[in-house]
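Reviewing the structure listed below.
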Amino acid sequence: MERSFIAIKPDGVQRGLVAEIIGRFEKKGFTLVGLKMMMVSRELAEQHYDVHREKPFFNGLVEFIISSPVIAMVWEGEGVVASARKIIGATNPLNSEPGTIRGDYGISIGRNLIHGSDAIETAQREISLWFKEEELATWEPSLTKWIVE
Ligand code: IDP
Ligand code: MG
């Protein structure tokens with residue numbers, strides 16, 4: 001089953017948006033299979049954002065991600081990677097549609113609240129970077145038959 005790595009960044013945690021953000025994925029019908037609150041090490045932050053290593057915002061991004069706790073999650077469901085990106089909204093919150101998380105709660109690209117994997121292969125890489133296999137729960141919610149035909 002498809003899985004995506006989703007993280008509520010330090011701004012989302014500090015602003016008290018954890019329940020709101022988790023609720024959006026729950027209400028959509030996706031299944032939470034991993035969740036932890038953590039201070040992120042510099043090493044993990046740099047690995048996670050490795051593709052942006054040469055970008056001018058890389059250092060600031062890493063400093064921000066390690067500055068305050070993050071909520072790291074794995075969500076499961078058919079089409080979850082692409083759907084989560086839609087729920088999250090465009091990278092710059094000023095361009096994100098209202099109704100998306102970034103569109104509803106953000107105004108700055110460096111404070112855009114949440115991360116979501118951009119492709120299935122990226123999700124697999126990110127999940128193995130952030131979680132050990134035993135930290136993930138394989139389960140089927142009893143509501144599934146009312147959500148998936
Ligand atoms: P994404 O989070 O929508 O996938 P990416 O392009 O992968 O966006 O960039 C990763 C993160 O880096 C963004 O979520 C944002 O926090 C930050 N970022 C991207 N572009 C900029 C920028 O131009 N200035 C500052 N921060 C940026
Ligand atoms: Mg990205």
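Whatever order the structure lists them in is the order used to number ligands and atoms, beginning at 1.
The side chain of R85, and not its backbone, has at least one atom closer than 4.0 Å to an atom of ligand 1 (non-hydrogen atoms only; side chain from C-beta on). Contacts with ligand 1 closer than 4.0 Å are made by no heavy atom of R111, backbone or side chain. Residue K9 touches ligand 1 through its side chain alone, judged by heavy-atom distances below 4.0 Å.
Among all non-hydrogen protein atoms, the one lying nearest atom 1 (P) of ligand 1 is T91 OG1, 3.5 Å. Among protein heavy atoms, atom 13 (C) of ligand 1 sits closest to N112 ND2, 3.6 Å. Looking at atom 10 (C) of ligand 1, its nearest protein heavy atom turns out to be H52 NE2, 3.6 Å. Of the protein's non-hydrogen atoms, I109 CG2, 3.6 Å is the one closest to atom 24 (N) of ligand 1. Protein heavy atom closest to atom 11 (C) of ligand 1, with residue, atom name and distance, is L61 CD2, 3.9 Å. Nearest protein heavy-atom contact of atom 2 (O) of ligand 1 is R102 NH2, 3.1 Å. From the protein, the heavy atom lying nearest to atom 22 (C) of ligand 1 is F57 CD2, 3.5 Å.
Between E63 and R42 there is a side-chain heavy-atom pair separated by less than 4.5 Å. Side chains of V33 and W75 form no contact here, defined as non-hydrogen atoms less than 4.5 Å apart. With a 4.5 Å cut-off on side-chain heavy atoms, F25 and I88 count as touching. Considering only heavy atoms from C-beta on, H115 comes within 4.5 Å of Y49 through its side chain. By the 4.5 Å heavy-atom criterion applied to side chains, L113 and L17 are counted as neighbours.
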How far apart are the C-alpha atoms of E121 and R125, what are their side-chain angles, what is the distance that settles it, and do they pass the salt bridge (charged side-chain N to carboxylate O under 4.0 Å, His left out) test?
CA-CA 6 Å; E121 306 73 55; R125 174 188 172 272; over 6 Å; no

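Aromatic ring orientation, F5 versus H48: perpendicular (interplanar angle above 60°, classes split at 30° and 60°).
Scanning for ring-ring contact (aromatic ring centres under 6.0 Å, His included) contacts around F57 gives H52, with sequence neighbours left out.
In terms of N/O distances under 3.5 Å, ligand 1 is not approached by H115.
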